[in-house]
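The structure appears right after this line, and notes come after that.
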Amino acid sequence: MTSLPDVLALTKALIAAKSITPATGTVFDVLADALTAQGFSVERFVVGAAPDGPVENLLAVRGTAGPHLAFAGHLDVVPPGEGWASDPFEPVERGGLLHGRGAVDMKGAIAAFVTAAARAPAGQGTLSLIITGDEEGPAIFGTRALIDRMAERGLHPDLCLVGEPTSVVRVGDMIKIGRRGSVNIWIEVPGKQGHVAYPHLADNPIPRLIAMLAEIDALVLDDGTEWFQPSNIEVTDLEVGNPATNVIPAQASARLGIRFNDRHRGIDLAERIERIALRHAPGARVVAKISGEAFFTPPGAFSILVAAAIAARTGQSPQLSTTGGTSDARFLSKLCPVVEFGLVNATMHKLDEAVAIGDLHLLTDIYSDIVRRVLQPASA
């Protein structure tokens, strides 16, 4: 009889496998071994090349019948930074907390789902794990490549649970049913270099850039919706690169970040910004990169099921939210209804990232209930 995995031990093993984005190798070995021991068929493949790759992806499947519940997540982590109280890749227990990079975002949740899956009776429905090493980076070679591989294999989940750390104060107080979209825009305004004492012989690009940014900053894209906060535009960088005090620069540039709700599309916003820029500076160069569109899973059967599993274990009803940054759910939402739910996010991306050990066990229990309710709906 195969022994059940221990969520704390598996979380520690995943943390100890250093996996700064883009991730490959040892951390996937650890997860693959844990899944294979539970009867999953595991496929691993590497996509892409430097600078945004190579990226390793893992697709694990157990079962062939419906219903099919997928769990999605990432093993890559952000760089730890300096100033940790202990080695960020040596998991350390202190005062009921497990410290280590990725403890919350999101190796702990992956370990919890693997442990929960091990409790599920074999032969009932299908479970899959969609795990990438490219969520914290450009997300070019990760989940999108996994979705393509699933299509090639004819795998079509009915529901997808994403293990991002959505909880705020206590495990289960918030789940995500949507996210705003994201677009970054680079603007370059050309000018003509010259001496500040002879402005008629030069062309200063800075006033035109300032004027267009003032108009862009004054835009009110919307007032929000029932489920989404208002869209916003932020100037995230300004650059002239002029070390001289007596020289009019030849170029000025800016970068914008837009987070938008489901009243907009990324391409429409990019074109709107470009029209403003070109009106102020006809020679301006505008480049937009859309990281993802807004998505929304209307409250329904899946969110109700997840909320019921949380309530059964914690006695609280989660808030349904669309706040926060982007996640790979923006890609997965094209496959099936998606709900994001995981650990408390207070320390993600911070020094001394930590998860309460009790929360790991609680999340495992809730995930186990979710699996049971999906695969055995008549007994939920």
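When reading the values below, keep in mind they use all heavy atoms of this one structure, side chains included, and skip hydrogens, waters and symmetry mates.
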Would the distance check show the side chain of [X] and the main-chain N or O of [Y] forming a donor-acceptor pair, the cut-off being under 3.5 Å?
X	Y	result
T166	G342	yes
D237	A254	no
S231	D222	no
N242	V247	yes
T347	A354	yes
T126	G66	no
R265	E293	no
D352	A85	yes
T236	R255	yes
N57	F141	yes

Are the side chains of [X] and [Y] in touch, meaning some heavy atoms are under 4.5 Å apart?
X	Y	answer
H74	D105	yes
R330	R179	no
I248	Y198	no
V27	E56	no
R313	V171	no
I177	P299	yes
M212	V189	yes
D76	E135	yes

Between [X] and [Y], what is the shortest heavy-atom contact and its length?
X	Y	answer
A139	R144	O-NH2, 2.9 Å
L35	A60	CD1-CB, 3.7 Å
V344	R170	CG2-C, 3.8 Å
N184	S291	ND2-OG, 4.1 Å
I175	S303	CD1-O, 4.3 Å
G154	H156	O-CD2, 3.3 Å

Do the charged groups of [X] and [Y] touch, with an N to O distance under 4.0 Å?
X	Y	answer
E353	K350	no
R208	D203	yes
R149	E43	yes
D369	R119	no

So if you build clusters from Ile, Leu, Val, Met, Phe, Trp, Tyr with side-chain heavy-atom gaps below 4.5 Å, do [X] and [Y] land together?
X	Y	answer
V47	F331	yes
M106	V338	no
L305	F113	yes
I210	I216	no
V114	Y367	yes

Step-by-step side-chain contact (heavy atoms from CB on, under 4.5 Å) determination, D158 to C336: CA-CA 6 Å; D158 297 299; C336 60; 5.9 Å; no
From [X] [atom1] over to [Y] [atom2], what is the distance, rounded to the nearest 0.5 angstrom?
X	Y	atom1	atom2	answer
I110	L75	CD1	CG	4.0 Å
S167	E340	OG	CD	11.5 Å
L129	L58	CG	CG	7.5 Å
I187	I273	CD1	CD1	6.5 Å

Intermediate values then yes/no, side-chain contact (heavy atoms from CB on, under 4.5 Å), L360 and T115: CA-CA 10 Å; L360 286 174; T115 307; over 6 Å; no
